[in-house]
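Below is one structure, written out as structure tokens; the observations come after it.
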2 protein chains.
Amino acid sequence: MKTKKKLPECPVATTVSLIGSKWKLLILRNLIKRPWRFNELMRSLDGISQKVLTTSLRELQSDGIIYRKDYQCNPPKVEYGITDLGLHLQVLLDQMAAFGDYYKSQI
Amino acid sequence: MKTKKKLPECPVATTVSLIGSKWKLLILRNLIKRPWRFNELMRSLDGISQKVLTTSLRELQSDGIIYRKDYQCNPPKVEYGITDLGLHLQVLLDQMAAFGDYYKSQI
DNA sequence: CAGTATCCCCCTTGATACTG
DNA sequence: CAGTATCAAGGGGGATACTG
């Protein structure tokens, strides 16, 4: 999301700044299940551009939420997966999905 | 946040579209505690503009997450509070705060 | 396969002024 | 007090082309 300048330092805002951008939660929902390769992720996220996927992955990686493993082979093979730290987001994702479902059921 | 067009329909994305913009979570954190008046909220959210606060409140209201009660008096008095539906976000907010804290503790 | 490199748009956010 | 009305800026997101 989206946290820029003047947001006060607070735990909630920290979390949003880490995972609040447009595609990150969807990326994480995949990576929490198992490791994925780059193009595999591309195909699974309909509508995402390469640039945005790359940017999102880089940010999540530098924030320590996912890892990137480059097999250094040819043809290239890179694997993305969740870190122990990122695994702590599982409950959060579940709760967000739960609220989304509940919300829709209430219209 | 920030969910615009091509995000697939999924519960997680629904939740983000409802509460993912810059200030909404901070507004909700206040309103979940008790009802607040407009200027009271303004003062509590350092850096927010009137326009953004108004817009955020209107959206949250039309999404059924908060209510707006106009006392129709002079001087004006308006009260904002959480709805039953919005109250379901409590756990989510707590979890987000918890992850934010945990994240900072792990650096 | 797994990316860079550009260019550009639009939407959110913001600053300021004014009002019932 | 509780807003509305404008105008402006910035950057996240997107489209397209190219590469080791």
Side-chain angles (χ1 to χ4, degrees), chain A residues 1-8 13 15-28 30-31 35-63 66-81, chain B residues 1-8 12-13 16-28 30-31 35-63 66-81:
Chain A
M1 169 191 192
K2 46 236 44 174
T3 300
K4 291 197 264 291
K5 280 163 277 196
K6 304 208 298 194
L7 262 189
T15 303
V16 174
S17 74
L18 292 172
I19 60 172
S21 75
K22 187 170 174 181
W23 294 93
K24 283 184 181 174
L25 286 164
L26 298 175
I27 293 172
L28 288 172
N30 283 344
L31 295 188
W36 291 60
R37 298 182 62 176
F38 186 87
N39 278 315
E40 195 183 10
L41 277 172
M42 271 286 287
R43 273 176 262 118
S44 77
L45 301 166
D46 192 43
I48 198 172
S49 68
Q50 282 187 327
K51 188 186 107 178
V52 170
L53 179 54
T54 302
T55 306
S56 301
L57 289 171
R58 293 285 181 276
E59 288 176 7
L60 289 169
Q61 182 193 355
S62 83
D63 287 336
I66 67 173
Y67 69 81
R68 175 183 190 274
K69 182 174 180 184
D70 189 338
Y71 283 89
Q72 305 279 6
C73 59
N74 207 303
K77 176 177 175 181
V78 177
E79 173 186 293
Y80 292 94
Chain B
M1 138 188 76
K2 42 236 49 132
T3 300
K4 293 194 263 291
K5 280 163 277 198
K6 305 209 298 195
L7 263 188
V12 175
V16 175
S17 73
L18 292 172
I19 61 172
S21 76
K22 188 170 176 183
W23 293 93
K24 283 184 181 175
L25 286 164
L26 298 175
I27 293 171
L28 289 172
N30 283 343
L31 296 188
W36 292 59
R37 298 182 61 177
F38 186 85
N39 278 314
E40 196 184 11
L41 277 172
M42 271 287 288
R43 274 176 259 118
S44 77
L45 300 167
D46 192 43
I48 199 173
S49 68
Q50 282 188 327
K51 190 185 105 178
V52 170
L53 179 54
T54 302
T55 306
S56 301
L57 289 171
R58 293 285 181 277
E59 288 176 7
L60 289 169
Q61 181 193 353
S62 83
D63 287 337
I66 67 174
Y67 68 83
R68 175 182 190 273
K69 181 175 180 184
D70 189 338
Y71 284 87
Q72 304 279 9
C73 59
N74 206 305
K77 176 175 175 181
V78 177
E79 174 186 293
Y80 292 94

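Residue numbers start from 1 in every chain, and the chains themselves are labelled A, B, ... in the order their sequence lines are given, proteins ahead of strands. Side chains are part of it too, since the values below use all heavy atoms of this structure and drop only hydrogens, waters and symmetry mates.
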Out of [options], which nucleotide sits closest to the side chain of [X]?
X	options	result
B/S21	C/dT13, D/dT4, D/dA2	C/dT13
B/T54	C/dC1, C/dT4, D/dT4	D/dT4
B/V78	C/dA2, D/dA2, C/dT13	D/dA2

In whole angstrom, what separates [X]'s [atom1] from [N]'s [atom2]?
X	N	atom1	atom2	value
A/F38	C/dT4	CZ	C1'	10 Å
A/I27	D/dG12	CD1	P	15 Å
B/K77	C/dG20	NZ	P	24 Å
B/Y71	D/dG3	OH	C1'	18 Å
A/Q72	C/dC1	CD	P	18 Å
A/L57	C/dT4	CG	P	10 Å
A/K22	C/dT12	NZ	P	11 Å
B/I48	C/dT13	CD1	P	9 Å

| Of A/P76 and A/Q50, whose nearest nucleotide on DNA chain D comes first from the 5' end? |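 Result of the comparison: A/Q50.
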
| message | Using 0.5 Å steps for rounding, measure from the CG atom of A/L53 to the CG atom of A/N39. | response | 9.0 Å

| query | Once you round to the nearest 0.5 Å, how far does CG of B/L31 lie from CG of B/L57? | reply |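 Result: 7.0 Å between the selected atoms.
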
Distance test, side-chain N/O of [X] to OP1/OP2 of [N], below 4.0 Å:
X	N	result
A/Y80	C/dC1	no
A/R43	C/dA2	no
A/R68	C/dA2	no
A/R37	C/dG3	no

| query | How about B/I66 and B/R68: do any of their side-chain heavy atoms sit closer than 4.5 Å? | reply |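 Not touching, per the 4.5 Å side-chain cut-off.
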
| Nucleotide opposite D/dT6 in a Watson-Crick or G-U pair, distances under 3.5 Å | C/dA15

| request: Using Watson-Crick or G-U wobble geometry with both distances below 3.5 Å, tell me the partner of C/dG20, or none. | output: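 D/dC1 - that is the nucleotide pairing with C/dG20, both distances being under 3.5 Å.
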
| query | Taking B/I48 as the fixed residue, which of B/K22, B/M42, B/R43 is the one that meets the side chain to side chain contact (heavy atoms under 4.5 Å, CB included) rule? | reply | B/M42

| field | Candidate list A/R37, A/E79, A/K77, test side-chain hydrogen bond (donor to acceptor under 3.5 Å, both in side chains), partner A/Y71, passing option | value | A/E79

